[in-house]
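All remarks here apply to the structure that follows.
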Amino acid sequence: MAKEVSNGDNNVTVKSPPEPSPLRKARFFKANMRILVTGGAGFIGSHLVDKLMENEKNEVIVVDNYFTGSKDNLKQWIGHPRFELIRHDVTETLLVEVDQIYHLACPASPIFYKYNPVKTIKTNVIGTLNMLGLAKRVGARILLTSTSEVYGDPLVHPQDESYWGNVNPIGVRSCYDEGKRVAETLMFDYHRQHGIEIRIARIFNTYGPRMNIDDGRVVSNFIAQAIRDEPLTVQLPGTQTRSFCYVSDMVDGLIRLMEGDNTGPINIGNPGEFTMLELAETVKEMINPDVKIVTVENTPDDPRQRKPVITKANELLGWEPKIKLKEGIPLMEEDFRRRLAIPRNN
Ligand SMILES: NC(=O)c1ccc[n+]([C@@H]2O[C@H](COP(=O)([O-])OP(=O)(O)OC[C@H]3O[C@@H](n4cnc5c(N)ncnc54)[C@H](O)[C@@H]3O)[C@@H](O)[C@H]2O)c1
Ligand SMILES: O=c1ccn([C@@H]2O[C@H](COP(=O)(O)OP(=O)(O)O[C@H]3OC[C@@H](O)[C@H](O)[C@H]3O)[C@@H](O)[C@H]2O)c(=O)[nH]1
């Protein structure tokens, strides 16, 4: 039977999704939602797990290969009766019975995704194919954490979801940004061809506690450098911009998207836009006014500007970010100081 599903802009007719497990309708079945989080041992994934575990009706299964994630991020849940942790690589098939899949597994920091680009693109393509196959078999709804990197080095500013992007298909970032673009394509093909219930979030730069200290992304770099009294390394020209979203706002947006009726893609990010020099100045002023700011060489294809239009998230999900950069930095500083064992002097 055909069903109308909205992608926010226009309605497309798709097949009904596969039937969910009969257990969901069983009379004596405990009304738990079984939720799979791939990449759940990572930065955003572990915060998402914390939020999902707050609901006593949720059972959460995390699969992760620990490439950039860590069991430490989930230590409060290990041994909990509603929680399960599986070491698994999403490029291999997975057989579990679940109702929802949050598919996050993929290295996100440029230094990590460029480390083994063939593995990164396999994770994005084969990994997403495997998770869609699982969603089809068990009738689960699946959410993909896509990225603002699908807009490449954008020629349109700020970026809304109708922009198709300006991406180098053969560059050093392509394993990630083209990988995510194919992952989005696979999501829509499974949706149209097999009626899978899909959700696509285009995440803009997100920061917060629990990021790897040596993750390599700009906010974690600057905060760790300021705490260690090392120069803040602004990559040239320094006028390139990003828009930074605090992780609790991100998790709220992802859950709203999963629970809502729209397939997306929907931008989730904080429209507050900063140059990298401004970010360095802010971190210096807030954490260590004596620290030096130096400029260093950049890497190829670094996007020159990025800022989300979040009208869709606002209107369709009732979502907007709450935490400003100047409120988020101290929360991250506290976490980094604890992990680095470097207390504030004053
Ligand atoms: N943080 C951001 O700014 C941002 C922006 C846009 C999109 N995203 C997307 O959000 C998701 C999470 O990002 P994050 O910042 O938490 O990164 P992260 O590196 O902290 O987390 C990624 C997790 O995926 C796991 N993983 C990687 N490859 C895997 C594989 N083949 N099989 C199983 N697990 C695997 C890692 O071990 C890690 O735990 C990613 O899909 C990323 O592309 C993040
Ligand atoms: O030490 C640093 C690190 C980075 N930078 C600059 O900071 C900007 C942001 O770089 P990051 O490495 O934090 O992240 P990018 O925005 O390039 O990519 C990110 O985009 C969104 C997600 O999909 C991923 O988390 C990641 O790919 C770049 O312009 C980079 O040149 C510095 O100036 N100094």
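We count ligands from 1, going down the list as the structure has it; atoms in each ligand are counted the same way.
- Here the side chains of F83 and V49 are in contact, with some heavy-atom distance below 4.5 Å.
- In this structure, the protein non-hydrogen atom closest to atom 31 (N) of ligand 1 is D89 OD1, 3.0 Å.
- T145 OG1, 3.5 Å is the protein heavy atom nearest to atom 10 (O) of ligand 1.
- For Q235, a nitrogen or oxygen atom sits less than 3.5 Å from a nitrogen or oxygen atom of ligand 2, counting backbone and side chain alike.
- Taking CD1 of I101 as the start and CD1 of I198 as the end, the distance is 12.5 Å to the nearest 0.5 Å.
- For the pair N168 and I170, the minimum side-chain heavy-atom distance is below 4.5 Å.
- Shortest contact from atom 19 (O) of ligand 1 to any protein heavy atom: T68 OG1, 2.6 Å.
- Regarding atom 9 (C) of ligand 2, its nearest protein heavy-atom neighbour is R242 NE, 3.6 Å.
- Residue contacts with ligand 2 for V218 involve both N, CA, C or O and side-chain atoms from C-beta outward (heavy atoms, distance under 4.0 Å).
- In this structure, of A108, G216, C106, the residue bringing a heavy atom nearest to atom 27 (O) of ligand 2 is A108.
- Contacts of Y176 with ligand 2, taken as heavy-atom pairs under 4.0 Å, involve the side chain alone.
- Tested against R202 for a side chain to side chain donor-acceptor pair (under 3.5 Å), the candidates E161, E184, Q159 yield a single pass: E184.
- With hydrogens and angles left out, the side-chain atoms of T299 and Q235 include no donor and acceptor closer than 3.5 Å.
- Between R173 and E149 there is a salt bridge, since a side-chain N of the basic residue sits under 4.0 Å from a carboxylate O of the acidic one.
- Atom CD of Q193 has 12 or fewer heavy atoms from other residues, nucleotides or ligands within 6.0 Å.
- At the top of the distance list for atom 12 (C) of ligand 1, counting protein heavy atoms only, stands L104 O, 4.0 Å.
- Of the polar atoms of R217, at least one N or O is found under 3.5 Å from an N or O of ligand 2, judged by distance alone.
- Only side-chain heavy atoms of N298 come within less than 4.0 Å of ligand 2; its backbone N, CA, C and O stay farther off.
- With respect to atom 42 (C) of ligand 1, the closest heavy atom belonging to the protein is Y176 OH, 3.4 Å.
- Salt bridge annotation for R337-E334: absent, with no cationic side-chain nitrogen under 4.0 angstrom from a carboxylate oxygen.
- At a heavy-atom distance under 4.0 Å, only backbone atoms of S146 (N, CA, C or O) approach ligand 1.
- In the displayed structure, K136 atom NZ is contacted under 6.0 Å by at most 12 heavy atoms of other residues, nucleotides or ligands.
- Nearest protein neighbour of atom 29 (O) of ligand 2, counting heavy atoms only, is D302 OD2, 2.7 Å.
- Scanning all protein heavy atoms for the shortest distance to atom 2 (C) of ligand 2 gives T233 O, 3.4 Å.
- Residue contacts with ligand 1 leave out M250, since none of its heavy atoms falls under 4.0 Å from the ligand.
- Nearest residue to atom 24 (O) of ligand 1 from G69, G42, C106 is C106 (criterion: closest heavy atom).
- The protein atom (non-hydrogen) at minimum distance from atom 17 (O) of ligand 2 is R173 NH2, 2.7 Å.
- For the side-chain contact (heavy atoms from CB on, under 4.5 Å) test with P271, the passing option among P158, P321, C245 is P321; the others fail.
- Residue I203 approaches ligand 1 through these ligand atoms, each under 4.0 Å from one of its heavy atoms: 4 (C), 5 (C), 6 (C), 7 (C), 10 (O).
- If you check each of T123, T206, D177, V90 against atom 3 (O) of ligand 1, the one with the closest non-hydrogen atom is T206.
- Between S148 and ligand 2, no pair of N/O atoms sits closer than 3.5 Å.
- The aromatic rings of F67 and F112 stand perpendicular to each other, their planes meeting at an angle above 60°, with 30° marking the opposite boundary.
- Taking any N or O of V219, backbone or side chain, none lies under 3.5 Å from an N or O belonging to ligand 2.
- The nearest heavy-atom contact from the protein to atom 13 (O) of ligand 1 is A108 CB, 3.6 Å.
- Ligand 1 lies less than 4.0 angstrom from a heavy atom belonging to P107.
- Interface atoms of ligand 1 facing Y66, defined by a heavy-atom separation under 4.0 Å, are 37 (O).
- Atom 8 (C) of ligand 2 has its closest protein heavy atom at M276 SD, 3.7 Å.
- Residues I310 and F204 do not share a hydrophobic cluster, defined by chaining ILVMFWY side chains whose heavy atoms lie under 4.5 Å apart.
- If you look at N221 next to ligand 2, the close heavy atoms, those under 4.0 Å, all belong to the side chain.
- Scanning K180, K71, R217, R242 for the heavy atom closest to atom 1 (N) of ligand 1 points to R217.
- For ligand 1, the atoms closer than 4.0 angstrom to any heavy atom of N205 are 3 (O).
- By the criterion of side-chain heavy atoms lying less than 4.5 angstrom apart, applied directly or through intervening Ile, Leu, Val, Met, Phe, Trp or Tyr residues, I255 is grouped together with I203 in one hydrophobic cluster.
- Geometrically, ligand 1 and A105 share no nitrogen or oxygen pair separated by less than 3.5 Å.
- When each atom of ligand 1 is checked for a heavy atom of G39 under 4.0 Å away, the hits are 23 (C), 24 (O), 25 (C), 39 (O).
- Residue-environment remark: CZ (R137) exceeds the threshold of 12 foreign heavy atoms within 6.0 Å.
- Nearest residue to atom 14 (O) of ligand 2 from V296, N205, T206 is N205 (criterion: closest heavy atom).
- Of the protein's heavy atoms, I44 N, 2.8 Å lies nearest to atom 16 (O) of ligand 1.
- Only side-chain heavy atoms of E149 come within less than 4.0 Å of ligand 2; its backbone N, CA, C and O stay farther off.
- Taking any N or O of I203, backbone or side chain, none lies under 3.5 Å from an N or O belonging to ligand 2.
- Here is the list of ligand 1 atoms found below 4.0 Å of a heavy atom in H88: 32 (N), 33 (C).
- Taking 4.0 Å as the cut-off between side-chain N and carboxylate O, K71 and D64 do not count as a salt-bridged pair.
- Using cut-offs of 30° and 60° for the angle between ring planes, the F244 and Y207 rings count as perpendicular.
- Annotation: atom 21 (C) of ligand 2 to nearest protein heavy atom, R306 NH2, 3.4 Å.
- Neither the backbone nor the side chain of F112 has a heavy atom within less than 4.0 Å of ligand 1.
- Between K119 and D89, at least one side-chain N (NZ, or NE/NH1/NH2) sits under 4.0 Å from a carboxylate O, which counts as a salt bridge.
- Nearest non-hydrogen protein atom to atom 30 (C) of ligand 1 is N65 ND2, 3.3 Å.
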